[in-house]
Amino acid sequence: MTDAADATVPAHLAALEDPFQWLEEVEGTEALAWVAERNAHAAEVLASRPGFEATREAIREVLDSPDKIPQVVRRGEWLYNFWTDAEHPRGLWRRTTAESYRSESPAWQVLIDVDALNAAEGEDWVWHGADVLRPEYRRALVALSHGGSDADVTRELDLETLEFVAPEVGGFFRPEAKGGLSWIDEDTVWVFTDLGPGTLTESGYPRTVRRWRRGTPIESAELIFEGEHDDLYIWAGHDHTPGFERDIVSRGIAFYQGEDFLLREDGSLEHIEVPTSAEAGLHREWLVVELREDWTPVEGGPTFVAGSLVAAVLEDFLAGDRTLTPLFTPTPTTSLAGYTWTRHHLVITVLDDVKHRPEVLTPPEPAVGGVDWARSTLPGVAPLGTIAVSAVDSVDSDELWLVTTDFLTPSTLSLVSVGGDAGPEVLKASPRYFETEGLEISQHFATSADGTRVPYFQVGPREATGPRPTLLYGYGGFEISLTPSYSGALGRAWLSRGGTYVLANIRGGGEYGPSWHQAALKANRHRAYEDFEAVARDLVARGVTDPGHLGIQGGSNGGLLTGNMLVRCPELFGAVVIQVPLLDMARYSKLLAGASWMAEYGDPDDPEQWEFIKTFSPYHLLDPEVDYPPVLLTTSTRDDRVHPGHARKLTARLLEAGKDVTYYENVEGGHGGAADNKQAAHMAALVYEFLASRLGLEG
């Protein structure tokens, strides 16, 4: 059924024609029959193409490669990894020692074989992660999802016997819902989940957080905090750092607003009084605050600008001292991409015109507010391509995992000791999956409609002349930055066949900090679309391609982007790919998690806000009289984040108008669109073969 079938519809929306609302019945008989018909059509026009099977298998070979890097996290003396390959499509959760991991063929201990578990239980589980309890590391909370949906279950695993601890003998078990469990100690967890009427927010996420003790019913867990019905998400976690053990309760008010509280021994909650738009982080004695808006903590005192990172001594701050140390201040070309703590250091990653630069900051000991922190760089790290750093163990280690990559360079995983003299130790490197000879990467800047300089990356043939098949990808939302990375699938299915690939860094993303994101919110959404159009026109002006050879691709919010490109400037593109998208912006807030995104797009129930929202609602902007380029839409029946009805309904409207549209809906996969590598390879091959056939890509 639809999420709000009986809800009162505002008059300004009730007047809208929606003949295909029946397609919102996710598992309705008529709707699924329609899906089956469209999937059969996709198989006929794409999966039957001569090159489809070869493309699909080339992609699957990459995804299932035994030589890809096994990414790990350290928990005590063990390195944990989740692994998928051809023999284990749903994956293995396993672990090895640091010494063994350094070898060419590590000895792995399998903890959970998800495929074997599915066979034994007759289920369709998809791995959602595990939380291992420190410091003994004897128990884990394992999350498993049916078919890849966001809703999942949590089960307790004994890491000594490798058996799930049954609820009948006191094991922690959370029934299927959006939410989770997190460890406090071996006999106590935080629980935030669906516990009946009134325990979920309007967006379908947990509204309460409770302390649950082993051996008691989950329904009797002690209520610690209850949010408002229109809040986004309520959760809690425990800091296990020796000497700094504490519990943090977090209230997500909206997508970019929240509050954090410390749970004191007397049961009271102490508010960490930073702006609701800011992100607060705790490490030992320190509070760090990442700002989305300008902040003047003390009247007449210094103002810290949006995009800054500042630090204070936590207990001093809670006592009213507003002595803050600026750790990062943005410039017109730089933003904070992220940060990670080691035991003694804070490592920040700066984006400078969308290129990464890690920096090491060392706080004073003992902790003193207002004192400058020492600064240094990571040894052996060059500011090229994409650099991702994460702490090996922020509690007791100064080591970092360091991953480097770009479009043509496979990922390399290194270990580096912050503060040490030695350079990074290379542990693993991904193989090359395609020939890069003759290909080059370049960065360019387009000028948007309002004069804004918009960067984009281009990778393709160095010596190519004349318009060539080009795929332009974008996202432009939720302060998410897009940076270069190596994709064996893209390389094999597109670049090695002569195609050019372009990554657009449009507003709405986070490439230049909060202001870059906020410039395309709500009534200013059009700026993201103008930026993307500017990049497309710049590619044509530079002679890289022409409209007949230019395809575009985007998923989720990026699917809303490409949906808007379809209806805004169809003459500019030869093919459009729209994946797991939002498209009906009149009803998006009523479908699944849609209400949680109103801080991004606005509230369509408000007549004033609908006036600007309707300008970027592709489902309503489609004009049957306009010539549109060929369109491919894909989604998943199991997507319980962005409703599959969006993609279904736009497809139906395009079909009704007699347009060239292909649709494929995967039964499993959740918002990611695929539940295993076989499904992922099939979905990707559909996209690349669609683009190749419509844009004239040979090979």
Report the C-alpha separation of Thr349 and Val389 in whole Å, then their side-chain angles, then the decisive distance to 0.1 Å, and conclude whether the side-chain contact (heavy atoms from CB on, under 4.5 Å) test is met. CA-CA 8 Å; Thr349 303; Val389 295; 3.6 Å; yes

Given Val502 and Val535, is the side-chain contact (heavy atoms from CB on, under 4.5 Å) satisfied, shown in steps? CA-CA 9 Å; Val502 177; Val535 172; 4.3 Å; yes

State yes or no: are the ring centers of His345 and Tyr339 separated by less than 6.0 Å? no

With Lys659 as the cation and Tyr628 as the aromatic partner, state whether NZ or CZ is under 6.0 Å from the six-membered ring centre and within 45° of the axis. no

Run the salt-bridge test on Arg38 and Glu665 with the 4.0 Å N-O cut-off and return the result as yes or no. no

Is there a donor in the side chain of Arg507 and an acceptor in the side chain of Thr452, or the other way round, less than 3.5 Å apart? yes

Do Arg653's NZ or CZ and the ring of Tyr619 fall within the cation-pi criteria of under 6.0 Å and 45°? yes

Side chain to side chain, Pro70 and Phe82, heavy atoms closer than 4.5 Å: no

Is it true that the side chains of Gln458 and Arg542 contain a donor and an acceptor less than 3.5 Å apart? yes

Does a donor on one side chain and an acceptor on the other come within less than 3.5 Å for Arg60 and Asn677? no

Return yes if some donor-acceptor pair links the side-chain N/O of Thr342 with the main-chain N/O of Ala391 below 3.5 Å, else return no. no

For a quick check under 3.5 Å, do Ser100 and Thr96 share a side-chain donor-acceptor pair by atom type? yes

When you check the gap from the basic side-chain N to the acidic O, do Glu530 and Arg525 get nearer than 4.0 Å? no

Could you go through the side-chain contact (heavy atoms from CB on, under 4.5 Å) check for Asp538 and Val544 one step at a time? CA-CA 9 Å; Asp538 198 57; Val544 174; over 6 Å; no

With no hydrogens and no angle check, do the side chains of Glu533 and His526 hold a donor and an acceptor under 3.5 Å apart? no

Between the side chains of Asp352 and Thr333, does any donor sit under 3.5 Å from an acceptor? yes

Min side-chain heavy-atom separation Thr412-Val403 under 4.5 Å: no

Look at the aromatic rings of Phe478 and Tyr256 and report parallel, tilted or perpendicular, splitting at 30° and 60°. tilted

Salt bridge (charged side-chain N to carboxylate O under 4.0 Å, His left out) partner of Arg497, chosen from Glu698, Glu689, Glu435: Glu689

Output the distance between atom CD (Glu44) and atom CG (Asn39), rounded to the nearest 0.5 Å. 13.0 Å

Just checking, any donor-acceptor pair under 3.5 angstrom between side chains of Thr500 and Arg468? yes

Quiz question: by atom type and distance under 3.5 Å, do the side chains of His671 and Ser636 form a donor-acceptor pair? no

d(Ile348 CD1, Leu336 CG) to nearest 0.5 Å is 6.0 Å

With a 4.5 Å heavy-atom cut-off, do Met565 and Phe573 have their side chains touching? yes

Once rounded to the nearest 0.5 Å, what's the spacing between atom CD of Glu290 and atom CZ of Phe328? 9.5 Å

Would you say the rings of Phe532 and Tyr456 are close, in the sense that their centroids are separated by under 6.0 Å? no

Thr562 side chain to Val577 main-chain N or O, any donor-acceptor pair under 3.5 Å? yes

Working note: Leu427 + Arg102, criterion side-chain contact (heavy atoms from CB on, under 4.5 Å); need CA distance, chi angles, decisive distance, verdict. CA-CA 6 Å; Leu427 298 177; Arg102 283 182 164 88; 4.0 Å; yes

More than 12 heavy atoms from other groups under 6.0 Å of CG on Asp623: yes

So do the side chains of Phe690 and Val45 get within less than 4.5 Å of each other, counting heavy atoms only? no

Relative to the ring of Tyr588, is the ring of Tyr601 parallel (under 30°), tilted (30 to 60°) or perpendicular (over 60°)? perpendicular

pair Leu351-Thr483: side-chain heavy atoms closer than 4.5 Å: yes

Kindly confirm or rule out a cation-pi arrangement of Arg453 over Phe445, judged by NZ or CZ under 6.0 Å from the six-membered ring centre and within 45° of its axis? yes

Answer whether the closest heavy-atom distance between the side chains of Pro410 and Pro431 falls below 4.5 Å. no

Can Lys68 be said to sit on top of Tyr433's aromatic six-ring, NZ or CZ under 6.0 Å from centre and within 45° of the ring axis? no

Side-chain heavy atoms of Leu633 within contact of Leu583, under 4.5 Å: yes

Do the charged groups of Lys522 and Glu600 touch, with an N to O distance under 4.0 Å? no

Derivation and outcome, side chain to side chain donor-acceptor pair (under 3.5 Å), residues Tyr512 and Asp353: CA-CA 8 Å; Tyr512 290 103; Asp353 270 337; 2.5 Å; yes

Short side-chain donor-acceptor distance under 3.5 Å, His444 and Ser442: yes

Just checking, any donor-acceptor pair under 3.5 angstrom between side chains of Gln443 and Lys355? yes

Look only at the side chain of Thr405 and the backbone of Tyr486, and say whether a donor-acceptor pair between them is shorter than 3.5 Å. yes

Euclidean distance, His682 NE2 relative to Thr55 OG1, rounded to 0.5 Å: 12.0 Å

Answer whether the closest heavy-atom distance between the side chains of Leu400 and Leu378 falls below 4.5 Å. yes

